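This one's a predicted model, so the numbers in the text were calculated from it and none came from an experiment.
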Amino acid sequence: MELTKRKQNILASIVNGYIRTGGPVGSKSIAEAAGASPATVRNEMAELTEMGLLEQPHTSAGRIPSEKGLREYVDNLMPEEPLSDEERITLDAMLAKSAFDPERLPGGAARTLASATRYMAVATAPSGVSAQIKAVQFVQTSRRTAMLILISSAGTMKTKVFHCDFDLSSEIMRIFFRVLNERVVGRNVSEINRAFIQSLAVSFNDLAILMSPALLALLETAQETVKTEVHVSGQMNLLFYPELGPGGARRVMDFIERQDAVTGLLAGRPGRVQIHIGQENGHNALAAVSVVSTRYSINGTDAGAVAVIGPTRMRYAHTAAQTAYIAERVGEMLTRVQREE
């Protein structure tokens with residue numbers, strides 16, 4: 001059966017009505033927009049149902065789009081909905097609170113998207129798995145404590161406060177800085193494991209005891225750097241969509257707590273918005289939601305992702321535009337911070 005222009009118009013009208021109200025859409029409400037009589041529209045709706053693009057819930061005379069119908073709409077019928085200058089300014093203002101702090105920026109991106117879309121939002125921090133160490137810095141915080149700062153080529157900056165059993169001096173701080181930067185700058189962060197730290201300590205000979213607290217701090221910051229941190233915001237927004245069903249929001253929240261599952265869900269290519277609807281997400285916990293995601297780059301290198309999770313009656317075009325813009329801005333901000341270091 002052919003998806004004629006009139007069928008496309010009717011399908012688009014039903015999708016738009018469903019997104020707006022969350023309920024079935026009847027023939028009378030779209031007959032005028034479709035340029036046909038209610039009877040003709042009903043016949044077309046019946047054929048769209050046979051094609052698997054529409055569903056008839058319960059005994060209602062109206063229809064709602066199926067997942068297949070939503071996919072057809074997203075792929076072929078959805079108009080672009082670019083953000084207005086005012087929206088961009090608002091999003092930038094919300095992101096500005098964490099723009100110059102690479103540790104806080106992914107969380108700020110998630111909060112901004114959740115607030116702007118009224119859905120649940122997720123952002124992953126840059127992973128340091130393949131990153132190199134750019135610098136190791138030290139700041140003395142008290143007579144016997146100091147902070148180690150590990151900066152990676154992925155744009156991450158991890159810190160660890162460590163304690164020494166001896167008084168620190170400016171000379172000792174210079175030794176920490178010189179020795180560790182000579183030995184680890186340029187190495188992959190993933191190389192800094194327990195075996196590497198032990199071999200490094202042995203090579204220091206008489207300096208081993210002095211360097212021990214700093215070495216342990218280096219190991220812990222390296223381990224934190226290689227992790228993919230997941231920032232989530234707007235979980236409670238899902239409770240306002242009853243179509244998720246009993247416990248639906250809770251299942252989504254439980255899924256998002258599984259870091260490995262989230263990173264797999266957000267795989268893709270930078271600069272390309274992906275939309276997965278219902279069962280397309282490949283997880284039962286996400287069967288009632290849609291996921292709009294895209295990845296961001298730092299200095300042209302794939303670094304992390306931002307995503308929105310909401311009901312399948314999501315405002316896809318507008319949500320995709322918001323998600324793409326936030327990803328672009330996060331990449332730009334992290335690139336700028338890295339170049340200024």
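With hydrogens and angles ignored, the 3.5 Å screen pairs no side-chain donor or acceptor of Thr221 with any backbone N or O of Thr159. A donor-acceptor contact shorter than 3.5 Å links the side chain of Ser66 to the backbone of Leu53. A donor-acceptor contact shorter than 3.5 Å links the side chain of Glu67 to the backbone of Gln279. With Thr294 contributing its side chain and Arg272 its backbone, the two residues share a donor-acceptor pair below 3.5 Å. Panel note: side chain Ser115, backbone Thr112; no donor-acceptor pair is recorded below 3.5 Å. The backbone N or O of Ala307 lies less than 3.5 Å from no partner atom in the side chain of Thr323, so there is not a single donor-acceptor pair. In this structure, Ser153 contributes its side chain and Gln132 its backbone to a donor-acceptor pair below 3.5 Å. In this structure a side-chain-to-backbone donor-acceptor pair under 3.5 Å is present from Asn281 to Val289. Using modelled atom types, no side-chain atom of Gln274 and backbone atom of Val292 make a donor-acceptor pair closer than 3.5 Å.
Counting only heavy atoms from C-beta outward, the side chains of Ile175 and Met211 approach each other to under 4.5 Å. Looking at heavy atoms from C-beta onward, Leu54 lies in side-chain contact with Met45 at the 4.5 angstrom threshold. Looking at heavy atoms from C-beta onward, Ile326 lies out of side-chain contact with Gln322 at the 4.5 angstrom threshold. Between Asn188 and Ile133 the shortest side-chain heavy-atom distance does not fall below 4.5 Å. Inter-residue side-chain proximity for Tyr316 and Val15 is flagged as unmet; no heavy-atom pair is nearer than 4.5 Å. Residues Glu229 and Thr124 have side chains not in contact (no heavy-atom distance under 4.5 Å, counting atoms from C-beta outward). Between Arg194 and Leu219 there is a side-chain heavy-atom pair separated by less than 4.5 Å. Looking only at side-chain heavy atoms (C-beta outward), Phe162 and Met147 stay at 4.5 Å or farther from each other.
The hydrophobic cluster containing Val25 also contains Leu11, counting ILVMFWY residues as joined when their side-chain heavy atoms lie under 4.5 angstrom apart, directly or transitively. In the hydrophobic clustering of ILVMFWY residues, with side-chain heavy atoms under 4.5 Å counting as a link, Leu265 and Met253 come out apart. Note on Leu215 and Leu207: same hydrophobic cluster, where clusters join Ile, Leu, Val, Met, Phe, Trp and Tyr whose side-chain heavy atoms are under 4.5 Å apart, directly or indirectly. Val139 and Val161 fall within the same hydrophobic cluster, defined by Ile, Leu, Val, Met, Phe, Trp and Tyr side-chain heavy atoms under 4.5 Å apart, directly or through other members. By the rule that hydrophobic residues join a cluster once side-chain heavy atoms approach within less than 4.5 Å of another member, Phe177 and Leu210 end up as members of one cluster.
Salt bridge present: Arg71 and Glu280 bring a charged side-chain N and a carboxylate O closer than 4.0 Å. Between Arg250 and Asp254 there is a salt bridge, since a side-chain N of the basic residue sits under 4.0 Å from a carboxylate O of the acidic one. No salt bridge links Lys158 with Glu220; every basic N to acidic carboxylate O contact stays at or beyond 4.0 Å. Under the 4.0 Å criterion applied to side-chain N and carboxylate O atoms, Arg144 and Asp165 are not assigned as salt-bridge partners.
In terms of heavy-atom proximity, Ala324 sits nearest to Val273 at CB-CG2, 3.7 Å. Minimum heavy-atom separation, Gln140 to Met173: N-CE, 3.5 Å. Contact detail for Ala285 and Val252: the closest heavy-atom pair is O-CG2, 3.5 Å. Annotation for Thr21 and Arg313: closest pair C-NH1, 4.1 Å, computed over non-hydrogen atoms. Contact between Val306 and Ala327 at its shortest, heavy atoms only, is CG2-CB, 3.5 Å. The two residues Pro126 and Leu334 have their closest heavy-atom pair at CG-CD1, 3.8 Å.
The number of heavy atoms from other shown groups lying within 6.0 Å of CG (Asp75) is above 12. By the neighbour-count criterion of 12 heavy atoms within 6.0 Å, atom CG of Leu239 is densely surrounded, having more than that number from other residues, nucleotides or ligands. Taking a 6.0 Å sphere around CZ of Phe166, one finds it holds more than 12 heavy atoms contributed by other residues, nucleotides or ligands.
Identified under the ring-ring contact (aromatic ring centres under 6.0 Å, His included) test for residues 273-307, with sequence neighbours left out: Phe255-His283.
Ring planes of Tyr119 and Tyr241: tilted class, angle from 30 to 60°.
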- Item | Stepwise side chain to side chain contact (heavy atoms under 4.5 Å, CB included) check, Arg183 with Ser203 | CA-CA 11 Å; Arg183 297 297 187 95; Ser203 71; 2.9 Å; yes

Under the side chain to side chain contact (heavy atoms under 4.5 Å, CB included) rule, what do Ile256 and Met120 come out as? Steps first, then yes or no, please. CA-CA 10 Å; Ile256 293 301; Met120 182 178 180; 3.4 Å; yes

**Asked** So Thr117 and Arg315, side chain to side chain donor-acceptor pair (under 3.5 Å) or not? Walk me through it.
**Response** CA-CA 9 Å; Thr117 63; Arg315 293 178 61 193; over 6 Å; no

### Test log, rule side chain to side chain contact (heavy atoms under 4.5 Å, CB included), inputs Leu168 and Arg143
CA-CA 6 Å; Leu168 294 167; Arg143 186 164 58 94; over 6 Å; no

Does the pair Thr319 and Ile275 meet the rule for a side chain to side chain contact (heavy atoms under 4.5 Å, CB included), with working shown?
-> CA-CA 10 Å; Thr319 302; Ile275 299 176; over 6 Å; no

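Under the side chain to side chain donor-acceptor pair (under 3.5 Å) criterion, Gln198 pairs with no residue at all, not counting sequence neighbours.
Summarising the geometry, atom CG belonging to Leu180 is positioned 7.0 Å from atom CG belonging to Leu200; distances are rounded to the nearest 0.5 Å. Atom CD1 of Ile192 is separated from atom CG of Leu150 by 8.0 Å, given to the nearest 0.5 angstrom. Atom CD1 in Ile277 sits 10.5 Å away from atom OH in Tyr73 (nearest 0.5 Å). Separation of atoms CD1 (Ile19) and CD1 (Ile64) is listed at 12.0 Å; rounding is to 0.5 Å. Leu91 CG to Glu86 CD: the interatomic distance, rounded to the nearest 0.5 Å, is 10.5 Å. Note that the CZ atom of Arg329 and the CD atom of Glu332 stand 5.0 Å from one another [nearest 0.5 Å].
The salt bridge (Lys or Arg N to Asp or Glu O under 4.0 Å) test with Lys7 is passed by exactly one of Glu2, Glu44, Glu72: Glu44.
For the residue pair Arg63 and Thr49, a side-chain donor N or O sits within less than 3.5 Å of a side-chain acceptor on the partner. Using modelled atom types, one finds no donor on one side chain facing an acceptor on the other under 3.5 Å when comparing His318 with Glu80. Using a 3.5 Å distance cut-off with no hydrogens or angles, the side chains of Thr301 and Ser297 do not pair a donor with an acceptor. No side-chain donor from either of Ser169 and Arg174 sits under 3.5 Å from a side-chain acceptor of the other.
Between Phe138 and Phe176, the ring centre distance stays below 6.0 Å.
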